[in-house]
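Notes follow the structure.
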Amino acid sequence: MTEETKPQSYDPEMESILQEMLERDEDMTARAVARVHPRVKAASSITRNPDRSAFLASYQKKQEEYRDWRKRLAKRSRDSTAMDMAEKD
């Protein structure tokens, strides 16, 4: 996020938590974020705040795209492996 696109209620802790969850491929939910956030104690503090809710949704979309990419890569790897084995025969 650039400085211009950060909402006024930008939460760097939440961004850090979501980035770590994305890197570990953990399911991102408001409840999961609230469990580890130092100031947010309830999932509703995320879901009822439009900026936080939108921020969570954007990371959930990134995670969905990442998981789709991984599935395509795995399928392509299986297909290319099968083709390679067929060529060796």
Side-chain angles (χ1 to χ4, degrees):
M1 248 186 201
T2 63
E3 291 297 322
E4 304 90 45
T5 61
K6 290 180 182 175
Q8 202 168 18
S9 62
Y10 173 68
D11 183 348
E13 289 97 353
M14 185 167 167
E15 182 176 29
S16 176
I17 291 165
L18 289 170
Q19 188 61 40
E20 289 173 15
M21 292 176 85
L22 182 64
E23 290 168 4
R24 290 190 305 261
D25 195 24
E26 291 180 26
D27 289 340
M28 292 182 204
T29 63
R31 184 177 308 267
V33 173
R35 271 191 217 114
V36 295
H37 197 288
R39 291 181 322 228
V40 173
K41 298 301 175 200
S44 63
S45 297
I46 295 169
T47 59
R48 291 183 181 177
N49 179 303
D51 290 332
R52 285 183 178 150
S53 183
F55 198 49
L56 174 61
S58 72
Y59 266 85
Q60 287 170 328
K61 183 172 173 37
K62 286 181 187 180
Q63 185 174 53
E64 183 179 326
E65 291 169 354
Y66 171 71
R67 287 177 173 176
D68 288 345
W69 173 80
R70 269 194 13 216
K71 285 179 188 173
R72 285 193 308 271
L73 181 64
K75 182 178 180 191
R76 187 177 334 150
S77 295
R78 282 193 308 264
D79 292 345
S80 67
T81 301
M83 288 174 55
D84 289 344
M85 300 221 16
E87 288 175 4
K88 287 181 182 179
D89 288 341

Non-hydrogen atoms of A42 and A34 that approach each other most closely:
C-CB, 3.7 Å
Residue list, side chain to side chain donor-acceptor pair (under 3.5 Å) with Q60, at least two apart or on another chain
none
Is the backbone N or O of T47 less than 3.5 Å from a side-chain atom of S44, with the two atoms forming a donor-acceptor pair by type?
no
For K62, all residues meeting side chain to side chain donor-acceptor pair (under 3.5 Å), sequence neighbours excluded:
none
When rounded to the nearest 0.5 angstrom, what distance separates CG in L18 from CD in E26?
10.5 Å
Working to the nearest 0.5 Å, report the span between CD of E65 and CD of Q63.
11.0 Å
Test salt bridge (Lys or Arg N to Asp or Glu O under 4.0 Å) applied to E23 - qualifying residues, sequence neighbours left out
none
Residues in salt bridge (Lys or Arg N to Asp or Glu O under 4.0 Å) with D27, at least two apart?
R67
Between R52 and V33, is any pair of side-chain heavy atoms under 4.5 Å apart?
no
Residue list, salt bridge (Lys or Arg N to Asp or Glu O under 4.0 Å) with E64, at least two apart or on another chain:
none
Reported CD-to-OH distance for the pair Q19 and Y59, which is rounded to 0.5 angstrom
4.5 Å
Quick one: CE on M28 to CG on L22, what's the gap to the nearest 0.5 Å?
4.0 Å
List in chain and number order the residues that pass side chain to side chain contact (heavy atoms under 4.5 Å, CB included) with E13, two or more places apart in sequence or in another chain; answer none if no residue qualifies.
D11, H37, P38, R39
Across all chains, not counting sequence neighbours, the side chain to side chain contact (heavy atoms under 4.5 Å, CB included) partners of S16 are E20
Side chain to side chain, M14 and I46, heavy atoms closer than 4.5 Å:
yes
Can you name the salt bridge (Lys or Arg N to Asp or Glu O under 4.0 Å) partners of R35, sequence neighbours left out?
none
For S53, what residues pass the side chain to side chain contact (heavy atoms under 4.5 Å, CB included) criterion, not counting sequence neighbours?
none
Side chain to side chain donor-acceptor pair (under 3.5 Å) with R72: which residues, sequence neighbours excluded?
none
